[in-house]
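Written below as structure tokens is the structure these notes are about.
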2 protein chains.
Amino acid sequence: MPGKETLPVRGAQGDLLRLVAAGHAESRAELARLSGLAASSVSLRVEELIGSGLLVEEGAGTSRGGRRPRRLRLSPRAGLLAVADLGAHHARLGLLDLSGTPLVVEERPCDIMDGPEATIDWMAGAFEDMLAAHAPPGVPLRGVGTGVPGPVDPATGRVVAPSRMPGWNNFPVAERLAAHFGLPALVENDANLMAAGEARAWPGCETLMVLKAGSGIGCGVIVNGALHRGRGAAGDISHVRVRSDSSVTCSCGHDDCLEAYASGAALMSVLAEQGIEVRRPADVVALVEDGVPEATALVRNAGRLIGEVLTVLVNFVNPDAIVIGGGLSAAEPLISAIRAAVYERCLPLATRDLEISTTRSGPDAALLGAGSLLLDAVLA
Amino acid sequence: MPGKETLPVRGAQGDLLRLVAAGHAESRAELARLSGLAASSVSLRVEELIGSGLLVEEGAGTSRGGRRPRRLRLSPRAGLLAVADLGAHHARLGLLDLSGTPLVVEERPCDIMDGPEATIDWMAGAFEDMLAAHAPPGVPLRGVGTGVPGPVDPATGRVVAPSRMPGWNNFPVAERLAAHFGLPALVENDANLMAAGEARAWPGCETLMVLKAGSGIGCGVIVNGALHRGRGAAGDISHVRVRSDSSVTCSCGHDDCLEAYASGAALMSVLAEQGIEVRRPADVVALVEDGVPEATALVRNAGRLIGEVLTVLVNFVNPDAIVIGGGLSAAEPLISAIRAAVYERCLPLATRDLEISTTRSGPDAALLGAGSLLLDAVLA
DNA sequence: CGGCTTGTCTTCGATTTCGAAGGAAGTTGG
DNA sequence: CCAACTTCCTTCGAAATCGAAGACAAGCCG
């Protein structure tokens, strides 16, 4: 009976379970090092966790010069997480086991303009479909989480002043989800989720900036290994004023915001003015790959503007890496223009070991991040 | 015999001592809440710490509705810290007890241009003078720390690529100090020390940006209550490109750095060109207070430029407060120009509860910060 | 004043954790 | 191949920690 009841989240067992689930530890020895507990205590608790079916021993790890460790994993039967990443016109949805490994990921069309009530109902229905189709019998759902394309107040789980989500302002999304499933629920900005997901793919990097370049421009920040939320808007770079000859007024009311020049939406509207039909950021990438000069020039300029904004932040934050994801990140000229700007203008101390590259987690980064953060809520 | 021997830094006693020393806890009950230990265990360990003369009970605190707590303090006889803040032409030096309370603070002229060897010898001599004059007999020195006006590699305690400290590059300052006194030693950038010092004066603020506006422009960042060091240059804002009509080349080799327009040094050189004699940032403040229009306009412009740079960082980091210190911070027009720029251009979510004001810890902020950080080294 | 509530601190048996010692299972290097 | 070393994991008595119960000391309030 693998933990149909509540999970052991308190005390030493909970600590050890968290370390394994978060992917920080894979063996009793590692658990001892990271938890600060004595090796003997770790063995005792791990034996109990295996006994209750939450952990499983799975083969041997690689030796570090001595006896090989016996690898520990979270049992796939310990529970499931249902996660989603809401976009403007479609959503990715997934089921993960408690170690964050996806069982199934789907993309379905939806429309957040229908408002929060309808969208949450739709999402709940989609989750139930997926559970019916893919969840092994007897494995309980432990938590639900979703990303939204707007700022979220970390204290309340409410969406706050979202520019692309009319009708959602101050709606208690997390509360509703929690009530519907009777489970811990998580709501977080989509770029923040991407950052949390990437963080697991960049071991050794304590400080990370993860840029989401899609229709909008978002950024998530990992500081000291943890997501930095600030007041819910942390990581915002879209409304930074950029140096420009012309003058464009942004939806926020100010002039010359980065978003008005370098977001996917801005690029698409310029292309449309030139009579080139594009519907999504991926179409822009396709134009660039086809060598359409107008598109390439636009994308390169967007990269330069983004890079100039990043220089300020790189000097200030000194990240270990900048990760670029989102629909536009597949466009090479964007990446190279960002790299050029950052390496040219930043302090040598800040760029000496700085890596700038595209996502390692791919399109599921946000779902993985939702799993990672949701785990903290489930095991707490 | 109040702990002439080594301090108990390991295990529960160490944890409790740290909590009291850092100012987080003042009673057994608070210690129990913050340490996670059972109240009974806390009482046992506290009794031992009092027995060994490290803690003292000092009167009663204020009731929170029930019995009044018996206040705990670090014994003034538990030990001393010697701390310094090196500037270009003068240094502040102080002796603190282990709870960070200053016994004595002095300002002495010195010249870091004499190079690291001479300066460290000078500092050691000054510390020994002060100890002889002010240290109660039998109270041991537990650690030594200093701030320097340049970046410091957090891993090695070496000064790295300092623009205003020729001869210091890569010099192992911390190592030398530690060797000279045979004690834990700390070396840190001066703005970072200011930030660590201010952090203790802003309880409830998890994320803080502390600007040091003096001859140069520095900034220290507190994220989640801890100093964010990055690669040693974190918090740098002096080499951000600003929007400007003219074009000035900075010492870093790039054009139009903030430092070249808004630092105290830059203001002084402009005033000098106009035939107005000034020798230190305080003289600029005096001119502003005397209503000299050239000085006021210059300072206000500097504030605007600094504020525009801060807008980017406020949107990104979402600090709870921006604290402005350093020699120029006494100039009202600087503060109000910074406020105007930040409140005008930042996202409402980021500025809603943002406080922008001058230092609460005053001119000793850096010394207090050195004490705070040094404590971690001493109790570790 | 005397209950009532809230919060602080101690006592003591039950439980958990520690740490030293040792066995198990590898790697490294003659 | 064997000896020396490393790392991983378990065993078992000693020591620290927990937590429930209660004494103690206030503030609150009629």
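Chain letters run A, B, ... following the sequence lines, proteins first and then strands; every chain starts at 1. Quick caveat, the model's predicted, so the values are computed rather than measured. All heavy atoms count here, side chains included; hydrogens, waters and symmetry mates do not.
At a threshold of 4.0 angstrom between heavy atoms, the contacts of E47(A) are confined to the sugar-phosphate backbone, with no base atom among them. Residue G36(A) is in sugar-phosphate contact alone, with no base atom involved, counting any heavy-atom pair closer than 4.0 Å across all strands shown. Heavy atoms of R33(A) sit under 4.0 angstrom from primed sugar atoms or phosphate atoms, though from no base atom. Residue A12(A) is in sugar-phosphate contact alone, with no base atom involved, counting any heavy-atom pair closer than 4.0 Å across all strands shown.
Picking from dT17(C), dC9(C), dT17(D) the nucleotide with the shortest atom distance to the side chain of S41(A) gives dT17(C). Listed candidates were dC9(D), dT8(C), dT17(C). Nearest to the side chain of L37(A) is dT17(C). Each of dC12(C), dC9(D), dT16(C) was ranked by its minimum atom distance to the side chain of S40(B); first place goes to dC12(C). Nearest to the side chain of R28(B), among dC18(D), dC9(C), dC8(D), sits dC9(C).
Atoms CZ (R64(A)) and C1' (dA24(C)) sit 17 Å apart, rounded to a whole Å. One atom, CZ of R10(A), and another, C1' of dG19(D), lie 12 Å apart when rounded to the nearest Å. Rounded to whole Å, the distance from CG on L31(B) to P on dT8(C) is 11 Å. For the pair L44(A) CG and dC12(D) P, the computed distance is 12 Å after rounding to whole Å. Put simply, CZ on R71(B) is 18 Å from C1' on dC9(C), counting in whole angstrom units. In this structure, the CD atom of E26(B) is 17 Å from the C1' atom of dC9(C), given to the nearest Å. Counting to the nearest Å, the C1' atom of dC8(D) and the CD atom of E57(A) are 12 Å from each other.
The pair E58(A)-R70(A) fails the salt-bridge criterion, with no side-chain N (NZ, NE, NH1 or NH2) lying under 4.0 Å from an Asp/Glu carboxylate O. D153(B) has no carboxylate O lying under 4.0 Å from a charged side-chain N of R231(B), or vice versa, which leaves the two without a salt bridge.
Side-chain contact of S99(A) with T101(A): a donor-acceptor pair under 3.5 Å is present, judged by distance alone.
In this structure, R70(A) and Q13(B) both approach DNA chain D, and ranking their closest nucleotides by distance from the 5' end singles out R70(A). Mapping V42(A) and G65(A) onto DNA chain C via the closest heavy atom, the residue that lands nearer the 5' end is V42(A).
The only option from R28(B), R73(B), R71(B) that meets the salt bridge (charged side-chain N to carboxylate O under 4.0 Å, His left out) definition with E57(B) turns out to be R28(B).
Look at R68(B) and you'll find a side-chain N or O under 4.0 angstrom from OP1 or OP2 of dA26(D). Taking side-chain N and O atoms only, R67(A) has no distance below 4.0 Å to OP1 or OP2 of dT27(C). Of the side-chain N and O atoms in R45(A), one or more sit less than 4.0 angstrom from OP1 or OP2 of dT17(C).
Side-chain atoms of R142(A) come within 3.5 Å of backbone atoms of A78(A) as a donor-acceptor pair (strictly under, hydrogens ignored).
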